[in-house]
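Because the structure is a prediction, the values reported are computed rather than measured.
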Amino acid sequence: MAITSNSLPLVCAYLAAALIGRILCLEGACLQDGRLKATPSQEPHLKECTIYAENACCSEDDIQDLNPTTSEKNSPWDKCGKLSPTCEGFLKRVTCFYRCSPDAARWPHSRHQSSMQAVPLCHSFCRDWYEACRMDMTCARNWARDPRGQNCTGNCVPYQQ
């Protein structure tokens with residue numbers, strides 16, 4: 001079947017409807033990692049990820065390690081010493097998105113349901129995050145596989161390395 005100029009608007013409308021339908025199907029879903037909620041709901045008592053309190057995929061228990069007053073450590077990223085407040089703020093923001101945002105389900109990884117893939121990020125966000133953390137120390141060598149440095153090997157190095 002050839003697409004003619006008369007049928008092109010119909011084909012475009014069909015593709016747009018399919019895309020919108022896919023997005024709306026994910027509207028009430030959470031990233032499926034086996035630990036978080038299946039569907040978002042109100043969580044008015046979130047202490048760290050308050051931006052998601054009205055519609056969260058996490059509970060306070062899911063993010064308690066982000067709150068220094070309830071965590072055994074200062075932060076989940078302190079393997080190489082305390083982070084600067086600005087850097088820690090960026091890491092919390094990204095972690096809150098991953099654990100709490102219903103929007104995270106829009107970019108599921110094709111092979112790993114508990115991961116995201118191809119999340120669109122603004123260049124300015126990436127630049128600001130790098131600038132905030134570049135002099136802080138980390139031991140994570142592969143942020144895709146070990147974002148919190150749980151499997152650290154070797155010496156601590158600045159993020160910029």
Side-chain angles (χ1 to χ4, degrees), residues 14-80 82-134 136-152 158-160:
Y14 174 77
L15 291 174
L19 181 61
I20 290 169
R22 166 103 171 110
I23 289 170
L24 291 177
C25 285
L26 295 173
E27 198 69 30
C30 295
L31 191 64
Q32 298 302 300
D33 76 344
R35 296 178 314 220
L36 303 176
K37 299 189 297 187
T39 57
S41 61
Q42 263 192 328
E43 289 288 341
H45 303 293
L46 293 180
K47 291 182 179 68
E48 287 296 330
C49 304
T50 57
I51 190 172
Y52 301 108
E54 292 297 315
N55 197 34
C57 287
C58 64
S59 67
E60 181 61 27
D61 288 342
D62 297 326
I63 58 168
Q64 69 182 4
D65 61 331
L66 300 182
N67 187 346
T69 59
T70 60
S71 178
E72 294 174 13
K73 301 175 184 177
N74 290 334
S75 77
W77 309 283
D78 67 353
K79 303 272 188 255
C80 292
K82 189 157 176 58
L83 294 176
S84 65
T86 308
C87 180
E88 187 171 17
F90 270 93
L91 294 172
K92 282 183 181 181
R93 187 171 164 189
V94 170
T95 301
C96 285
F97 176 78
Y98 171 74
R99 294 184 192 173
C100 299
S101 176
D103 292 325
R106 293 176 190 239
W107 298 282
H109 192 282
S110 59
R111 291 183 303 247
H112 308 286
Q113 287 186 337
S114 63
S115 299
M116 295 180 294
Q117 182 176 14
V119 178
L121 294 174
C122 294
H123 173 74
S124 58
F125 177 80
C126 294
R127 181 195 61 230
D128 294 346
W129 183 5
Y130 172 77
E131 285 300 318
C133 294
R134 70 185 180 95
D136 286 277
M137 303 299 280
T138 184
C139 62
R141 297 293 187 249
N142 185 328
W143 277 79
R145 283 191 230 126
D146 190 22
R148 297 170 75 189
Q150 299 296 322
N151 300 310
C152 292
Y159 278 75
Q160 69 184 356

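When all heavy atoms of S84 and A132 are compared, the closest pair comes out as OG-O, 3.6 Å. Of all the heavy atoms in L46 and Y52, the pair that sits closest is CD1-C, 4.2 Å. Nearest heavy atoms, P108 versus A105: CD-O, 3.2 Å. Pairing each heavy atom of K37 with each of C30, the nearest pair is O-CB, 3.1 Å. The shortest heavy-atom contact between P102 and C57 is CA-SG, 3.6 Å. When all heavy atoms of L31 and Y98 are compared, the pair lying nearest together is CD2-CE1, 3.3 Å.
Summarising the geometry, atom OH belonging to Y159 is positioned 4.0 Å from atom OG1 belonging to T138; distances are rounded to the nearest 0.5 Å. A distance of 11.0 Å separates NZ in K82 from SG in C87, rounded to the nearest 0.5 Å. Considering CG of L36 and CG of D61, their distance stands at 11.5 Å, rounded to 0.5 Å. We find the SG-CZ distance between C122 and R127 to be 10.0 Å, quoted to the nearest 0.5 Å. With rounding to the nearest 0.5 Å, the separation of CD1 in I63 from NZ in K47 is 8.5 Å. Atom SG of residue C100 and atom CD of residue E60 lie 9.0 Å apart, to the nearest 0.5 angstrom.
Taking the side chain as every heavy atom from C-beta outward, W129 and T86 never approach each other to under 4.5 Å.
With salt bridges taken as basic N to acidic carboxylate O contacts below 4.0 Å, one links R99 and D65.
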- Task: Test F125 against V94 for side chain to side chain contact (heavy atoms under 4.5 Å, CB included), laying out the working first.
- Result: CA-CA 11 Å; F125 177 80; V94 170; 4.0 Å; yes
- Message: Would C49 and L66 count as a side chain to side chain contact (heavy atoms under 4.5 Å, CB included) here? Give the steps.
- Response: CA-CA 9 Å; C49 304; L66 300 182; 4.1 Å; yes
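Ring pair W107/F97 is tilted by interplanar angle, where 30° to 60° counts as tilted.
Side chain of K92 to backbone of E48: no donor-acceptor contact under 3.5 angstrom is found. With hydrogens and angles disregarded, a donor-acceptor distance shorter than 3.5 Å links the side chain of D62 to the backbone of S59.
Counting non-hydrogen atoms of neighbouring residues, nucleotides and ligands closer than 6.0 angstrom, the CZ atom of R111 reaches no more than 12 such neighbours.
Sulfur atoms SG of C80 and C139 are positioned 2.5 Å or more apart. The SG atoms of C58 and C96 sit 2.5 Å or more apart.
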